[in-house]
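Shown next, in structure tokens, is the structure this report addresses.
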There are 2 protein chains.
Amino acid sequence: MKKPNAKERILETAAGLFFQRGYSGVGINEIIEKAGTAKASFYQHYPSKESLCEAWLKSVHEKSEAFAETLLGGPGSASEKAAAYFEHLERLLVESGYRGCPYSNTGALSVEKSPGICRQIRLHKESTRRRFRQIAALAIADPAEAELVGDTLFVLQSGAMGEAQNLRETWPVEVARRAAVALLER
Amino acid sequence: MKKPNAKERILETAAGLFFQRGYSGVGINEIIEKAGTAKASFYQHYPSKESLCEAWLKSVHEKSEAFAETLLGGPGSASEKAAAYFEHLERLLVESGYRGCPYSNTGALSVEKSPGICRQIRLHKESTRRRFRQIAALAIADPAEAELVGDTLFVLQSGAMGEAQNLRETWPVEVARRAAVALLER
DNA sequence: GACTTTACAGACAAGTCTGTCTGTTTATGT
DNA sequence: ACATAAACAGACAGACTTGTCTGTAAAGTC
């Protein structure tokens, strides 16, 4: 703790603010003020606000990947892994005040986002899709069928996060979890 | 055509711009310029930008309800209705350049949206959820099971729209449609 | 013809935003 | 002790934002 350097402090502060209020809802001035740095220091480390957004999405992705790897590497059947994943999401959702998926929230802005931000979103989403396909492959022998089920889990998860955010309720996640388990145990 | 009054012209112009670039991505100045009205005329009809957003969401909801009613009232089995719904969504998605769901996109902004906007989002989402439960009830006798399947269709649909938008591809909608049909024909 | 409503044009206020700049202070390594 | 690098404070530019205001012009109505 104590005092990480300015760059890390900026990233951590921005991560909290971007997540809670969205990329377009937070300004540079607030970020540097809460991070306790000067504006000049900010622009020494990040050429623009967009580049900070990219760095934020990248750091979220790394944490997400770490969780997915421990989950996939651990014990349990495919449906148990999927259920654990959805329960994890539900926990995050409630803890964060129903803030949903950072990537989807960022992607919902204008079309004219920077190519770098769009790329981070695609990378994360494709990676998540791959994870679900891996889980599905554990339970389903036919490769084509496993891919379809994996993609379905991916869509279910995304819809669950989005609608839980819109309605500020957890039932979409529970519904998605039950559907996922049913698909994997069939 | 020709010349509707200023209020309608503003609403139609704002509808196009809000849908395409998001609520926060469009300013009053651009709306009135493209609508060909004066700023004073705008504030004579709408007390604020937020109230215009509410009016927009309300008008989208009305069109959506009209489509859902003709679909539900028409012929065809539950799974046929659901498939038609997803095909309709896919068409809209491609036509609009993958702009996803206006409600989810608006809801993805900050937490501190106006209560009126939040209310419109909730109203529409709950209404959509009810439609899917109605469709499910056509195919499934047990009421509790029909409600669960209806909610699952709702979540699938939302995830499909969101991820198709993020990835700019249509496969999430197709995956969701196939999953929906499978759920209803089981 | 006078009156009222509606819409026009556009300046203006007051605030936001990102990004640049100048100059000072602090810390570190040699 | 001294040089170099990093972070500091904060003014500033320029472009946006929403919303208010003054005043004018064109309609329809009594």
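Letters go in sequence order (proteins before strands), and every chain restarts at 1. All heavy atoms count here, side chains included; hydrogens, waters and symmetry mates do not.
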- Any ion pair linking A/E126 and A/R129 (charged N to carboxylate O, less than 4.0 Å)? yes
- Query: Any side-chain donor paired with an acceptor under 3.5 Å for B/K7 and B/T37?
  - Reply: no
- Query: Atom NZ of B/K7 and atom P of C/dC8: how far apart are they, to the nearest Å?
  - Reply: 15 Å
- B/E33, CD: over 12 other non-hydrogen atoms inside 6.0 angstrom: no
- Message: Heavy atoms from C-beta onward define the side chain here; which of D/dG19, C/dC8, C/dT18 lies closest to that of B/Y43?
- Response: D/dG19
- Can you tell me if the side-chain N/O atoms of A/T37 get under 4.0 Å from OP1 or OP2 in D/dA7? no
- Message: Distance check needed: D/dA7 P versus A/I32 CD1, whole Å only.
- Response: 14 Å
- Interatomic distance where CG belongs to A/L52 and P belongs to C/dC17 [whole Å]: 15 Å
- Message: Distance check needed: C/dC17 P versus A/L17 CG, whole Å only.
- Response: 12 Å
- Message: So that I can tick it off, tell me whether B/R131 and B/E69 are bridged by a salt bridge, with the cut-off set at under 4.0 angstrom between side-chain N and carboxylate O.
- Response: yes
- Any side-chain N or O of A/H45 less than 4.0 Å from the OP1 or OP2 oxygen of D/dA6? no
- Message: Nearest whole Å is fine: how far is C/dT16 C1' from A/E33 CD?
- Response: 15 Å
- Task: Whole angstrom is fine here: how far is it from CG in A/N5 over to C1' in C/dT28?
- Result: 14 Å
- On the 0 to 90° scale, with breaks at 30° and 60°, tag the B/Y85-B/F67 ring pair as parallel, tilted or perpendicular. tilted
- Taking protein heavy atoms under 4.0 Å as touching, what does nucleotides 10-17 of chain D look like 5' to 3' if B marks base contact, S marks sugar-phosphate-only contact and - marks none? B------S
- Check every atom of C/dA7, C/dG19, D/dC8 against the side chain of A/R9 and return the nucleotide holding the closest atom. D/dC8
- Could you check whether the rings of A/F132 and A/F86 sit parallel, tilted or perpendicular, using 30° and 60° as the cut-offs? tilted
- Query: Can you tell me if CD on A/E87 sees more than 12 non-hydrogen neighbours from other groups inside 6.0 Å?
  - Reply: yes
- Give the rounded distance in Å between these two atoms: CZ of A/F42 and P of D/dA6. 17 Å
- Can you check the A/Q44 CD to D/dC8 P distance for me, whole Å? 10 Å
